[in-house]
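These notes are about the structure you will find just below.
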Amino acid sequence: MSGEPERPAGTAGPPGDAGRGAAPRAAPPDRPVAWLWIQMLLDSVAWVVALVLALVLRYEMDLQFISAPGLLLVSLVAVAAQLVVGFSFALYKGRYSFGSFDEAKLLVVVTLIVTAVLQVLLLVVGTSIGIPRSTALIAFPFACLFMAAFRYLKRMYQEASARPGASAQHVVIYGAGYLGTFLIQRMMQDPHSEFLPVALLDDDPAKKHLRISSVPVLGTLHDVRDVMARTRASVLLVAMSSPEPRIMHRVADAVAGTGIRVMTMPPLGEVLTAKHHAADFRDISMEDLIGRRPVDIDVEEIAGYVKGRRVLVTGAGGSIGSELCRQLVGFEPAELIMVDRDESALQGTQISITGRGLLDGRDTVLADIRDPESVGTIFRDRLPQVVFHAAALKHVSLLEQYPDEAWKTNVLGTLNVLQAAEEAGVEVFVNISTDKAANPTTALGHSKRVAEKLTAWMADRTGHRYASVRFGNVFGSRGSMLPLFTEQIRQGGPITVTHAEATRYFMTIPEACQLVIQAGAIARGGEVLILDMGEPVRIMDIAERLRVMSGREDVEIEVTGLRPGEKLHEDLIGLGEKDERPFHPKISHARADRLDPAQLDRHTWKVRGGMVYTGTIPVVRASTQPPPTSVQRPRSSSGRAS
């Protein structure tokens, strides 16, 4: 039973109905009023029956001593008192759900008051009308019992008529706590629910005999395979708010190879803030297993430097840049200027924010940061006050073959943006870097390291907050590991891993963007901010778990060997850098070296980085990647590749 108020007729049902497109269930307008009249009649009958039973028990089943006129008078007083007190306390005004704890508490209070009225009456005139003075006290528990029983039967009828239909999938819920109870009650009261709870699992021994809305706890997570088979369930729902990664690991291991679909729900905070409905379930993801959580950010600090300001984002069409734009809109900038050289990517970002992709406004700017004249014109025309520099080339292997491209974009492109920002008087500049810039060994790492040094130099020159932010691999970004592994599994494999012991740091796109936005508020000029990214994760573990989660355990994992310049384990803090956390417990501050742009020299940079420097002709090393002409694809009957 729950304490939720009874919904008026015609209002929407439980959370999730709207998301599934279910029509609101409208009851006949006179039905609630009719039931209240019926309830008053039943409560009146309950008092009459209770008084009769009290007299029968009082006279030890000898009916000849019962005074019919006296009984009639006391019954009329009891009924009148019940109705008057009940209306006074809103018992008959539909304030509470039938059979709820709130109504039960109120029912006891009303019955006690009626009993007190009867007791006073019997003390005064009980002897004269032939009714013992103890009758009201004996009748009290019977009246409470009968009235509660009527309400509980009504509630049982309501729940039985609102159960999900025969087409609903059987689901086992792991977690018999508050969220598990909440979900079961919502599912059992929604005839349009896609899921029918048939069993609960919980590791707490004290709950092994628990039942919630007739759904029993049938065991612990260790028993999941047997319970799923007995109940013919196909879905396991983890009913926990932000469960720990170790719990999700146990769940994934428990159902490995069974084909059972594992689902979880949004964090409780998002449900309460209406970002999601509690019924917006989703499949378990690798993020759940890795366990990265968004960093707590100081909203007021961020609003202080973003709200009402002109904000420019380079690389706005990329994974990080587009999420940055979506988050920044929530801080109410005076103007958001999205810059990218990819017109389709810009359109995608615009659609995700405004719902329209016309590309005809001043919010989208098509430009390449390699072009200093174009970048300078944009900054002089729009005069941004805050800049987030996310535009960059990032693929390690490709930039190893073409290091000059890394120089042109990541080094000279960053310098172009920095110089334009200085000319326009930009107050806050956040350069998005990578953990590969710490003790770099690749063209990508070396180019981003130089970008950090240029940003620090410009901070000294301008006296403003120009800083860089480092983070590790990002889940879901274009070209990142997870989409690659997923596509390799879809094609039947093999999954390619460079080394069985290779590890990387991971974070989600929202987490990365929160760090970037927070950096503008807490960074001091010339610093590099680094997120505490927890423990590194073995790439082999991710490949194996993705294979299990996709149900394709037959797909092979191939170890290809580390690529030139690739590290077995990434660093977060470079040599000579100190790890300080003066403002945020999960954000480290390191002082970056300075580099005067006048000292930039591509040849020296390539020599120091051990890169090929054969003019404009790239040197392509031996690779394990098969050439496209050797890949055989099935063709359709019309002769075209399928």
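Residue numbers count from 1 along this sequence.
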Does N431 use its side chain to pair, donor to acceptor, with the backbone of Y466 at less than 3.5 Å?
no
Main-chain N/O of A390 paired with T314 side-chain donor or acceptor, under 3.5 Å:
yes
Out of curiosity, T455 OG1 to L415 CG, how far, rounded to the nearest 0.5 Å?
9.5 Å
Between I557 and A543, the two heavy atoms sitting closest are CD1-CB, 4.0 Å
Heavy-atom side-chain contact between F471 and V516 under 4.5 Å:
yes
Hey, does the side chain of D203 reach the backbone of L221 with a donor-acceptor pair shorter than 3.5 angstrom?
yes
Can you name the nearest heavy-atom pair linking L200 to G175, along with the distance?
CD2-O, 3.8 Å
H170 side chain to T231 backbone, donor-acceptor under 3.5 Å:
yes
Are R370 and L412 close enough, and set up right, to give a side-chain contact (heavy atoms from CB on, under 4.5 Å), and what steps lead you there?
CA-CA 7 Å; R370 291 185 177 190; L412 297 184; over 6 Å; no
Distance in Å, I530 CD1 paired with R470 CZ, rounded so as to fall on 0.5 Å steps
4.5 Å
Pair D226 + R230, salt bridge at N-O below 4.0 Å
yes
When R341 is tested against each of L346, I369, D368 for side-chain contact (heavy atoms from CB on, under 4.5 Å), which residue passes?
D368
Residue pair K567 / A438: nearest heavy atoms and the distance that separates them:
NZ-O, 2.7 Å
Keeping D253 on the side-chain end and R250 on the backbone end, is there a donor-acceptor pair under 3.5 Å?
no
Hey, does E323 have a side-chain heavy atom less than 4.5 Å from the side chain of P510?
yes
Has Q488 got a side-chain atom pairing as donor or acceptor with T496's backbone, closer than 3.5 angstrom?
yes
Among all residues two or more places apart in sequence or in another chain, which pass the ring pair (Phe, Tyr, Trp, His ring centres under 6.0 Å) test with W605?
W407
Contact check, side chains of K408 and L393, non-hydrogen atoms, under 4.5 Å
no
Min side-chain heavy-atom separation C325-I353 under 4.5 Å:
yes
Closest approach of R465 and A523, non-hydrogen atoms and distance?
CD-O, 2.9 Å
Counting only N and O atoms by type, is there a donor-acceptor contact under 3.5 Å from the side chain of K448 to the main-chain atoms of A392?
no
Could you go through L600 and V411, starting from their C-alpha distance and side-chain angles, then the distance that decides it, and tell me whether this counts as side-chain contact (heavy atoms from CB on, under 4.5 Å)?
CA-CA 9 Å; L600 283 178; V411 177; 4.2 Å; yes
Would you say H222 has more than 12 foreign heavy atoms packed within less than 6.0 Å of its NE2?
no
Quick one: OG on S468 to NZ on K453, what's the gap to the nearest 0.5 Å?
12.0 Å
Consider only side-chain N and O atoms of S352 and R326, and report whether a donor and an acceptor are under 3.5 Å apart.
yes
To the nearest 0.5 angstrom, please state how far the CZ atom of R449 sits from the CG atom of N410.
15.0 Å
Please report the C-alpha distance between L201 and V172 in whole Å, then the side-chain angles of each, then the deciding distance to 0.1 Å, and finally whether the side-chain contact (heavy atoms from CB on, under 4.5 Å) criterion is met.
CA-CA 7 Å; L201 298 174; V172 172; 3.8 Å; yes
Please determine, by modelled atom types, if E343 and Q347 share a side-chain donor-acceptor pair under 3.5 angstrom.
no
Identify whether the distance between the nearest side-chain nitrogen and carboxylate oxygen of R547 and E544 falls below 4.0 Å.
no
Using modelled atom types and a 3.5 Å cut-off, is there a donor and acceptor pairing between side-chain atoms of R538 and backbone atoms of A500?
yes
Are the side chains of I542 and V537 in touch, meaning some heavy atoms are under 4.5 Å apart?
yes
Measuring from atom CZ of F182 to atom CE of M187, what distance do you get when rounded to the nearest 0.5 angstrom?
10.0 Å
T409 side chain to A406 main-chain N or O, any donor-acceptor pair under 3.5 Å?
no
Taking the side chain as everything from C-beta on, heavy atoms only, tell me whether L179 gets closer than 4.5 Å to I173.
no
Would you indicate whether the side-chain heavy atoms of V224 and Y174 approach each other to under 4.5 Å?
no
How long is the span from the CD1 atom in I587 to the CD atom in Q518, to the nearest 0.5 Å?
5.0 Å
Report yes if some heavy atom in the side chain of F388 is under 4.5 Å from a heavy atom in the side chain of L328; otherwise report no.
yes
Using a 3.5 Å distance criterion without hydrogens, assess whether the side chain of Q169 forms a donor-acceptor pair with backbone atoms of A233.
no
